[in-house]
Structure formats: structure tokens, C-alpha cells
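Comments concern the structure below.
Naming convention: chains lettered A, B, ... in sequence-line order (proteins, then strands); numbering from 1 in each chain. Only heavy atoms go into these numbers, but all of them, side chains included; no hydrogens, no water, no symmetry mates.
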Protein chains: 2
Amino acid sequence: MKEMTELLKGVLEGVVLQVIKSKKETYGYEITNYLTTIGFEDIVEGTVYTVLIRLEKRNLVEIEKRKSDLGPARKFYRLNENGESYLQDFWKKWGFLVDQLTKIKKM
Amino acid sequence: MKEMTELLKGVLEGVVLQVIKSKKETYGYEITNYLTTIGFEDIVEGTVYTVLIRLEKRNLVEIEKRKSDLGPARKFYRLNENGESYLQDFWKKWGFLVDQLTKIKKM
DNA sequence: ATCAGTACATTGTTATACATAGTACTACTA
DNA sequence: TAGTAGTACTATGTATAACAATGTACTGAT
């Protein structure tokens, strides 16, 4: 779906973290492709990479750079404990938001 | 719930519009109070007013200023047709986002 | 007269997503 | 072997949105 930009704000970080968690280990390019295939058509590489750098700065992920047999080296991301608890918190807030909006919509 | 700030981005506008629609007609102060009572504890007046001004600029609402028997004059907001279709679009996008995040969470 | 409650407005800051562009590596092919 | 497509990451600038903080102003009660 198009023009989700503003709605994505604040969500994207949790989404990317969850993708990393689910895949155990992954890298920027793969995350971008994954997100576009599942329907976030407008997400561009630049956006994902800025999120990843943010996650790194906040120490929510562990990083390992490894060579690829296809193209340049990949920077692999893995959740650490901070990342786990951040993600838990994120889903709690998300759940709350969904509940609130459901109520407001029915109002 | 606290610290929903970032998650609210892009959502608040739709929320405020829906509140206006549901109440048929309302004003900033009432909206702020309403939102804080239903659980958005951190929302402050300033935020709601900036949203309202945005809605006005984008021509999504009609405005009427009327005296109050209690305190200063109130600026009443009412959805117009643009507002209606914006709101419809908003709920569509929101629904899409909820679906996507549900999938991602289960992944 | 002062204060609390009601009501709106403004200004500056910060965070986030995006646009754009660039770098660099590999494999294929003309 | 030069060129191109695909893979992969980085950097810079911009726009938008929510918040913090502050100020104005009106009414009613003490």
C-alpha cells in the first residue's frame, strides 16, 4: 500500500527489530526486500539503513560483518537482550494503541 | 500508557478527526481531555492544537467560533467532505498496517 | 483582587522517514 | 575486457509531526 509514510513513523523500528528476531540473523538488503514483498512497497533502502544504524547506536543489536559470495560484504544483525526487551515493550505499546483505536473507531 | 509519542505519529491526525466526527462537533480543549481520559496520558494541549491547525489548513474541517458561558470562546470543529474521505482513507491504511504487523509478529 | 479552571495560540526542538546520490563488489556478456 | 545488472552499504539534506514551554484571555468563586 502506498503513502503509509506517516503511519510508519514509530512503527518501523519495531518492525525491523521483529524481522531481525524472526530471521535470527539478517542484513539490511534482505530486510528491505522482505518488507517490500510483504506490502510496504514504498520503503526504500535508505530508510531501512537509517533504522539499522539507529538500532546499532542504541545497542539493541549485535553486528557481524561477513563476506558474501555474491556482491559486497554483508553486515549481519542479531538481537541482543536490550533488543529483546525493547521489542517486548514495543509490542505492548502497539497492542495498547490498537485497542484504543478500535474503541475510537467504534465510538 | 506513557511514551507512546513516536507510535502516535501519523495516527493522531486520524484519531482527532474521528473524535470530531463521532462528537459531530467539538473543540480543542474537549478533545484533549477526552484523549487523556481514555488513556493517552501524555498528550498535551499544544499537540492537539497543532493537529487542529493542520486539519484546518488542509481543509478537512469546518470551523465556527462561538462564545461559551464558561471561559473564553470555543472554536468548534466539524468534518467536511474532504475530512470524511480522508478519514476513510486513514482507516483503510490503519487496517492494512494492523494486518501487516500482526503477520510480522507471528512470523 | 486573586486564583483556579477553561480555552486557544505560538515558538523552538527533536525524532523519524524519505529522496538522492555515491561507493564498491561480483558475475555475466557482448 | 569493458560494460552492465544485481547486490549491499553509507552519507547528506529535507519535510513532517509531536512535544515542551510559554503566553494570552475569559469566567466564576473565594
Side-chain angles (χ1 to χ4, degrees), chain A residues 1-17 25-37 40-58 60-61 63-77 86 90 93 97, chain B residues 1-17 25-37 40-58 60-61 63-77 86 90 93 97:
Chain A
M1 185 172 296
K2 297 246 169 195
E3 285 162 52
M4 298 284 297
T5 302
E6 288 312 327
L7 269 180
L8 276 184
K9 281 194 180 173
V11 175
L12 197 53
E13 208 173 294
V15 166
V16 169
L17 260 186
E25 195 180 57
T26 183
Y27 52 97
Y29 191 76
E30 193 179 42
I31 296 171
T32 308
N33 286 337
Y34 175 74
L35 291 177
T36 46
T37 19
F40 294 112
E41 314 163 33
D42 283 350
I43 287 182
V44 290
E45 280 189 87
T47 302
V48 173
Y49 286 114
T50 49
V51 171
L52 289 172
I53 285 167
R54 222 152 65 219
L55 296 177
E56 184 179 350
K57 274 187 190 152
R58 294 197 193 146
L60 301 172
V61 286
I63 292 169
E64 203 187 328
K65 204 158 189 174
R66 291 205 302 273
K67 277 182 197 165
S68 164
D69 46 340
L70 182 71
R74 294 168 177 164
K75 215 168 145 185
F76 284 92
Y77 293 82
Y86 176 98
F90 168 77
K93 284 179 188 163
L97 190 65
Chain B
M1 184 170 299
K2 299 243 169 197
E3 285 163 51
M4 299 283 297
T5 301
E6 288 311 324
L7 268 181
L8 277 183
K9 283 198 177 167
V11 175
L12 197 54
E13 209 173 291
V15 166
V16 169
L17 260 186
E25 196 179 58
T26 183
Y27 52 98
Y29 192 75
E30 194 180 41
I31 297 171
T32 309
N33 286 337
Y34 174 74
L35 291 177
T36 47
T37 22
F40 292 113
E41 313 164 34
D42 283 350
I43 286 183
V44 289
E45 280 188 88
T47 301
V48 174
Y49 287 114
T50 49
V51 172
L52 288 172
I53 285 167
R54 221 152 66 217
L55 296 178
E56 185 178 351
K57 274 186 191 155
R58 295 196 192 148
L60 301 173
V61 286
I63 292 171
E64 204 187 328
K65 205 156 187 172
R66 290 205 303 273
K67 278 184 195 163
S68 164
D69 47 338
L70 180 72
R74 293 168 179 166
K75 213 168 147 186
F76 284 92
Y77 293 83
Y86 177 97
F90 168 76
K93 283 180 191 164
L97 191 65

Closer than 4.0 Å, any side-chain N/O of [X] to the OP1 or OP2 of [N]?
| X | N | answer |
| --- | --- | --- |
| B:R74 | C:dC8 | no |
| B:R54 | D:dA18 | yes |
| B:Y49 | C:dC8 | yes |
| B:T47 | D:dC19 | yes |
| B:T50 | D:dA18 | no |

Using a 4.0 Å heavy-atom cut-off across all strands, classify [X] as base, sugar-phosphate, or nothing.
| X | value |
| --- | --- |
| A:I53 | nothing |
| B:S68 | sugar-phosphate |
| B:L12 | sugar-phosphate |

Quick one: [X] [atom1] to [N] [atom2], roughly how many Å, whole number?
| X | N | atom1 | atom2 | result |
| --- | --- | --- | --- | --- |
| A:K65 | D:dC9 | NZ | P | 8 Å |
| A:K67 | C:dA24 | NZ | P | 17 Å |
| B:L52 | D:dA18 | CG | C1' | 14 Å |
| B:I43 | D:dA18 | CD1 | P | 9 Å |
| B:I31 | C:dA7 | CD1 | P | 12 Å |
| A:L55 | D:dC9 | CG | P | 14 Å |
| A:K57 | C:dT14 | NZ | C1' | 14 Å |
| A:F76 | D:dT7 | CZ | P | 15 Å |

What nucleotide, of [options], holds the atom closest to the side chain of [X]?
| X | options | result |
| --- | --- | --- |
| B:Y27 | C:dA7, C:dA17, D:dT7 | C:dA7 |
| B:R58 | D:dC19, D:dA17, C:dA17 | D:dA17 |
| B:K75 | D:dC19, C:dT16, C:dA9 | C:dA9 |
| A:E6 | D:dC19, D:dT16, D:dT7 | D:dT16 |
| A:Y29 | C:dC18, D:dA18, D:dC9 | D:dC9 |

Results of ring pair (Phe, Tyr, Trp, His ring centres under 6.0 Å) for A:Y27 - residues two or more places apart only |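 A:F76.
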
Which sits closer to the 5' end of DNA chain C, A:E45 or A:L8, going by the nucleotide each is nearest to?
->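 Here A:L8 is the residue nearer the 5' end.
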
Starting from the 5' end of DNA chain C, give me the residue, A:D69 or A:V51, whose nearest nucleotide shows up first.
->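 First, find each residue's nearest nucleotide; the 5'-ward one identifies A:V51.
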
Pairing of [X] and [Y] as salt bridge, 4.0 angstrom limit:
| X | Y | result |
| --- | --- | --- |
| B:K93 | A:E6 | no |
| B:E64 | B:R74 | no |
| B:R54 | B:E13 | yes |
| B:K75 | B:E56 | yes |

Side chain B:T36, main chain B:T32, donor-acceptor under 3.5 Å =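 Yes, because the side chain of B:T36 sits within donor-acceptor range (under 3.5 Å) of the backbone of B:T32.
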
Starting at the 5' end of DNA chain D and moving along, which residue's nearest nucleotide shows up first, B:G71 or A:G46?
->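 Upstream on the strand: A:G46.
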
Return yes if the base of D:dT16 and the side-chain atoms of B:K9 contain a donor-acceptor N/O pair under 3.5 Å, otherwise no.
->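 Such a pair does not exist between side chain and base.
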
